[in-house]
Each structure stands twice: as structure tokens, then as C-alpha cells.
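So the structure is just underneath, and the comments pick up after that.
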Protein chains: 2
Amino acid sequence: MAITIKDVAQHAGVSVGTVSRVLAKNSTVNDAIRLKVEGVIEQLGYRPSSLGRNLRLNRTYLIGLLIPDITNPFFAELAKQVEMLASAEGYSVLLANTHDDPKAEQMQVEAMLSRLPFGLILVPVSDSAVNTIVAGTRTVTVDRPLQGHALVSVDNARGGYMAADHLLSLGHRNLGYISGPSSTEVSRARRSGFISGITEFRRQHSGMVVESRIVEGNFDYLSGETLGRTLLQSAPGTRPTAIATASDQQAIGLMRAAADLGIRVPEDLSIIGFDDIPLASLVFPRLTTIRQPIAEIARITLEAVLGRLSPQKEWMLEPVLIRRSSSAFAPPVT
Amino acid sequence: MAITIKDVAQHAGVSVGTVSRVLAKNSTVNDAIRLKVEGVIEQLGYRPSSLGRNLRLNRTYLIGLLIPDITNPFFAELAKQVEMLASAEGYSVLLANTHDDPKAEQMQVEAMLSRLPFGLILVPVSDSAVNTIVAGTRTVTVDRPLQGHALVSVDNARGGYMAADHLLSLGHRNLGYISGPSSTEVSRARRSGFISGITEFRRQHSGMVVESRIVEGNFDYLSGETLGRTLLQSAPGTRPTAIATASDQQAIGLMRAAADLGIRVPEDLSIIGFDDIPLASLVFPRLTTIRQPIAEIARITLEAVLGRLSPQKEWMLEPVLIRRSSSAFAPPVT
DNA sequence: ATTGCCAAATGAAACGTTTCATATTGACAG
DNA sequence: CTGTCAATATGAAACGTTTCATTTGGCAAT
């Protein structure tokens, strides 16, 4: 049987209220008694039950974190940052994966809400269903927007634009783009940013010919590899000299495909990824990419979920181009 | 104000007890009333509070998961598996990172216990301190042993042995080993398994000369790269023709170092990792490795923590050798 | 008409806290 | 010696459930 505040009170010969006030550091209580009570607490090894406490205060110190897949390095990093900040503030993190499945997402949201978290951080998969459910709990959405809730994300369109701009400025005129699933806003934004980067370039260079080919899949390694293969197996001469991807994972899969086909990076093919996961600087060659400021995203998200930020509805962060060795000047035209 | 069971009772014109019994599907309640109550619940959007429930039952449906670093692909995979299984059983997962820091570990354990999880899954960093603290909550340890608690792990010594055996059977006689930190039992077991693999081989081949050089660092990419560089920069002729590592991350860092130095894998250097993280089959060349059966580890761990397994104190799983392209026959001696 | 029985609903207690109104104490001024 | 006040401790209520001992009502058997 666990030790309750009553046991402590009894042993110390005081009332439960007094013990409670001893525990609440800021309350006024006679020094002798305080010492006595603290002694008993120590001796009995009493640990306040959060159950009673939560009920009484009608408030938990839980933050729900609902992401597609903790195995994805981007989300792992996000989870880590969020957890670090949260636990520094005395909150604990409830983790759940949606596996990009709307059904699973809904169930997980339900499960989380039944635990009455103080707030919810959500990387939503589906647009509907969810928004009715999360009423009542402060919810902040990361990466993907959700009707009626705060959103923290990187400026994905800008990132896509930067990727196109980088490749074009290196002289590439035949580009490929490996997109994420069109069902997500993130994918769409990155891709349309990429496209408008090209459009803008052509406008400025009065109609210069820029070819581009876009293929679509998931954000994972495998999609990068398969779609990369598709792009790279175009007839020689029409094969892109540079490819941008919607995630670093795809980019790494793409590098893999290039290696298999004997295509050298960056000599024959420039690659630029998106995210800047830790691995990006460890693959060979080191990956040029569009970095998402994850720590910043995590910080703002948590502050927002704790209600410390003005109730602004959207925070959009600037991505930054990280130049490494996977991108280089276009090979001379022969 | 949230809707409570009282509100439901009032609206339905029944007592709270009845509503409670309607919610507990297996109880006996008149059909007409059941329907009526269910209607009111639906209409009011009532959602039982886990706060009251937990207090009354003196039981939460939380599983604490305390790992060194969610960013490490191995732990990410473990977390994913555990979360999947747990949520299927109606439990939620509390996640925390220790960052391999005993101080942080202790704080995190305290924080978790104050939430009264039903059980705790722990990948311990430090050997002391913790074991007194976790008394009272069923705790299962993964990967690293902790006095007085159940342990689920792979047979690390066996894994190390298998790595040595694999390289030796390919004809390599000059081996390198990149170890994890000696402070962890895991590292020590893998390394000593590797060493005894060599010893055993020499015994069976009556004293055949096998050289080996061991360096030590962390489990991460960076350590693999730096230590790899150290090993590979030995005087030519004495440089190892095969290197085993204590983690796939190290192995990938090592591949990176080899690429930088112009050493071809597997032609000039065979590499074998440990873990079989998803990335292992995506790097170039695909990584030969010793697989930990993570799904199995997760399954057993969760069952154990839920108290469904006989109170056996230790489960040790067999690792399995996954042969891919990063290891090959030793180059002919010149 | 009385009794006994069963099914089904009720009322109240209990879980471990916090908090607020109230009670106690001691010191000190009048 | 009384009255007042500040300082501090107490007791009880409340948070939202579940559960158990009781009550209620209907109906069959006597």
C-alpha cells in the first residue's frame, strides 16, 4: 500500500492540510513543524500522488505529441527537442504515431484526449475528423495546417524556391524533382515553390529553356531510391543533371540509386535535399540541403502549446540553404 | 466547463451509478435506460475523465519509456514498436530521454514515477541510484542490465562473436574493432564477444596469427568516422582489411571515413555493423550487420511490463547475421 | 393479502489531493 | 484581565469516477 498524505499527517501529528502546505513551498508554516513534517516525509519515503493532485486541480502536466512516425529522423529530432524543453518545465510527453493513417490518427487523438493532456502537438495527416475532436484542448499543429488551430512550420514554398534557385544558379537547365505525397500540404508547398523558382528564373532570363520533370512518392528512403531510378533512367541526354527532393531521406535514397547506376555525385548529378537531418552531413558526398530550423520549431511549438505566446495563429520560419558537396556546377554542354 | 458524469445522469434522469454501469459495457442495465443514457452521452458529447477514473481505480494506463536518445535509430525503432503494441492494448507511452547522463536519468525517473505509470521500460545509463527509486513500479530493463530488474536484451557477446567469425571466415587476418563506451555493459559484451571470436579461431587453427586493433568511442556516426580514420591511417600493410563496429551508426561513419581516404568498400575494406537499422540496407554499399530482433525485443518487453509473462528475470535473444555487400573475401596477400 | 424473490436502480463512500473558511494560540495593548 | 490581532493549524468540501450495500418495484407462490 502506497503512503498517502494522511499517513504523513498522522505520523507527524498534524493535519493533512498542513502537510500539503509544507509541500507547497510558498505557503506559510511554522519552522519546527515544517522540519518535523519533512522528516516524516523523508522517513516514510512519501511521494505525492499525481492522481489525487490532478483530479483536485483538474489539470495534468502532460503534453501529447502525435506524429506520423518517430522513426523518421526529422520527427525524432522534433520529439527530442520538444521533450527536452517540456521536461525542463515539469511536463511529460505522451508519444504516439499515426503511421500517416487517418484512421489511426483519429484513434490516437481520442486516446490522448482521454488522458486530458494540458496541450496537444499534432502533425496532422487528415484534414477533417480531427478538428472537431480536439476542441477544448489547446492544440498546435506542426508542419501541416489544420483548420482552426495554430500552426508552426517552415516556409515550405520558400524552401522549394531556394532549392530551384540554387540548382539553376549552378547552371543546371534540366532539373528533376522528387515530391512527397500530394495529399499533404507540405509536399504541395515545396513542389509549387520549386516550380515557381523555375518560372521566376525563366521570366528573368527572358524565356530561357529549363526542362523539369516531377515525380511523386512518399517521404522515405525507398521512394527516393525508386523514383530516383525512374528519373535517372531517362534517355541519355535528357537525363536531369540535378535533382531536388522533398526530404533528405529521399535524397539519400536517390544517392543510392545514382551509385547503383554508376552516376557520380556531384560530377554527373547534383542533389539537394530538404530538412537537414543529422545524417545529411555524414553521407558521401555530404548532402546539400534546405534546413528546417527544428530547434526553433520545437521551441515555438512548446511555448505556443503552453499558452505563453500571443494567440497568433501561424508562425512561419525561414528555411536556410546548407551548401555541401552533393551539388556542383552543371557539366559543360557537349 | 467540462461535462461530467453527473450532468449526464441529471439529463437522463438517472443516478450516476447507472451511467457508470452503462459505460462499463458488461454490467446489467435495462435496455430502455441504456439507450436513453447513450443518447444523452452522445448529445452532450460527454467524455469520461481519466482523472477521476485513475484516482478511483488507483491505476493509470501509462507506460514510461526512458531511453538514452530517441534520435538514435535503434531506440526510435524500439519506441515505435513499443508504442504500437501499447496503444493496441489501451496504454499510452510516456517518452523521455536521458542523453546518457546519470543525473538526467535520475530526474527523468523521478518525473515518470510521479506520474504513476503502470510500468516502466528503461534503458539504464547508470547502475546505482536508480534501483532504489524504481521500487514499487514494475520495471523492465532493455539492452543494459540493472540490479534487481527484469532484462530483455540481445545476446551481445554472441553478436560480437558472430561478427568476428564472419570476418575471419572471409579470410581476413588483420581486424579492427570500433567499440562503444566501456562504461556500458552492452559495449563490453560485444567487444569481448568479438575478442573471444578471434581467440576461438586461433585455438582451432593452432595459433594462426590474427592481428586486431580495438578503438573505443560512442555509438554515434561521428565516433565511427573519427575512430575509423584512426584505424585506417595505420601504416600501409598494417592497416586492417576488415573492421567490425558496435553499432550501425558507427559503421556508416566508418564508411564515410573510408570514402574520404579513397579506400573502397568492400574491395579494400570489409565492414560489419551491429543493430540493422533501416538505413543499413540503404547506404552504399549495403551494410553487412548483426541484427537485433527489435520487434521481438519490444514485444517481450511490453508483455513483461504488463505482467503477462512469468516473472522470469532475463530474456536473452539471439542476434542474426545479415550478409549484405559491405563485407567480402580478404584481398589476396601480396 | 402476505411473503419471498429477482432484477434493476439508487445513494453514499472512497480514492489522494488542495483550498478555503474557521478555529486556535500567543503576544501585546488598553 | 479583557480584547484585538497576527500567525498558523484544522476540518471539511470538492474534484470525477467506480463499486457496494441498499432500496425499489414487479410478480409469482403461498
Side-chain angles (χ1 to χ4, degrees), chain A residues 1-41 44-62 90 111 113-118 136-137, chain B residues 1-41 44-62 90 111 113-118 136-137:
Chain A
M1 204 48 228
I3 300 104
T4 78
I5 201 173
K6 262 185 209 148
D7 302 322
V8 175
Q10 198 168 357
H11 278 77
V14 297
S15 73
V16 288
T18 302
V19 177
S20 179
R21 275 172 26 257
V22 168
L23 290 163
K25 301 287 185 199
N26 51 11
S27 272
T28 157
V29 38
N30 181 294
D31 279 346
I33 293 196
R34 148 162 282 137
L35 247 56
K36 168 92 188 181
V37 170
E38 281 171 345
V40 174
I41 288 177
L44 261 49
Y46 164 73
R47 192 190 294 282
S49 158
S50 63
L51 297 181
R53 175 155 220 276
N54 288 346
L55 176 58
R56 174 62 225 238
L57 301 180
N58 195 31
R59 168 181 195 343
T60 68
Y61 282 78
L62 299 176
L113 291 183
S114 81
R115 308 263 127 87
L116 297 182
F118 181 75
T137 306
Chain B
M1 204 49 228
I3 300 105
T4 81
I5 201 173
K6 261 184 212 149
D7 302 321
V8 175
Q10 197 170 355
H11 278 76
V14 298
S15 74
V16 289
T18 302
V19 177
S20 179
R21 275 170 29 256
V22 168
L23 291 164
K25 301 286 184 199
N26 52 12
S27 272
T28 157
V29 38
N30 182 295
D31 278 348
I33 292 195
R34 149 162 281 135
L35 248 54
K36 167 92 188 179
V37 170
E38 282 172 345
V40 174
I41 287 177
L44 261 48
Y46 165 72
R47 190 191 296 282
S49 157
S50 64
L51 264 34
R53 175 154 219 276
N54 288 345
L55 176 60
R56 173 64 225 239
L57 300 180
N58 195 32
R59 169 180 194 345
T60 67
Y61 282 78
L62 298 177
L113 292 183
S114 81
R115 308 263 128 87
L116 298 181
F118 180 76
T137 306

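Below, chain A is the first sequence line, B the second, and so on; all start at residue 1.
Across the protein-nucleic acid pair, A:Asp7 atom CG and C:dC15 atom C1' stand 13 Å apart, rounded to whole Å. Residue A:Arg34 contributes atom CZ, which lies 16 Å from atom P of D:dA7 at whole-angstrom precision. One can place CZ of A:Arg47 at 12 Å from P of C:dT17, the figure rounded to the nearest angstrom. One can place CD1 of B:Ile5 at 11 Å from P of D:dT19, the figure rounded to the nearest angstrom. Rounded to whole Å, the distance from CZ on B:Arg53 to C1' on D:dT19 is 12 Å. Distance CG (A:Leu57) to C1' (C:dC20): 14 Å, rounded to an integer number of Å. If you take CG of B:Asn54 and P of D:dT19, they are 13 Å apart, rounded to a whole angstrom. Regarding B:Ile3, its CD1 atom lies at a distance of 15 Å from the P atom of D:dC15, rounded to whole Å.
If A:Lys6 and A:Val19 are placed on DNA chain C by their nearest nucleotide, the residue sitting closer to the 5' end is A:Lys6. Take the nearest nucleotide of DNA chain D for B:Ala24 and for B:Leu51: the residue whose nucleotide is more 5' is B:Leu51.
The side chain of B:Ser20 sits closest to D:dT19 out of C:dT10, D:dT10, D:dT19. Between D:dG16, C:dA9, D:dG11, one nucleotide has an atom nearer to the side chain of B:Leu55 than all others, and that is D:dG16. The side chain of A:Arg21 approaches D:dT10 more closely than any other nucleotide in the set C:dT17, D:dT10, D:dG16. Between D:dT8, C:dA8, D:dT17, one nucleotide has an atom nearer to the side chain of A:Asn30 than all others, and that is D:dT8.
Formation of a donor-acceptor pair under 3.5 Å by the A:Asn58 side chain with backbone atoms of A:Leu55 is not found in this model. For A:Arg21 (side chain) and A:Thr28 (main-chain N/O), a donor-acceptor pair under 3.5 Å exists by modelled atom type.
The two residues A:Ile3 and A:Gly45 make their nearest non-hydrogen contact at CD1-O, 4.3 Å. Here the closest non-hydrogen pair linking A:Leu23 and A:Tyr46 is CD1-CE2, 3.9 Å. Contact record, B:Leu51 with A:Asn54: CD2-O, 3.7 Å, taken as the closest heavy-atom pair.
The residue B:Thr28 sits close only to the backbone: its heavy atoms come under 4.0 Å of sugar-phosphate atoms, none of a base. Within the nucleic acid shown, A:Thr18 comes within 4.0 Å of at least one base atom, counting heavy atoms only.
Look at A:Ser15 and you'll find a side-chain N or O under 4.0 angstrom from OP1 or OP2 of D:dT10.
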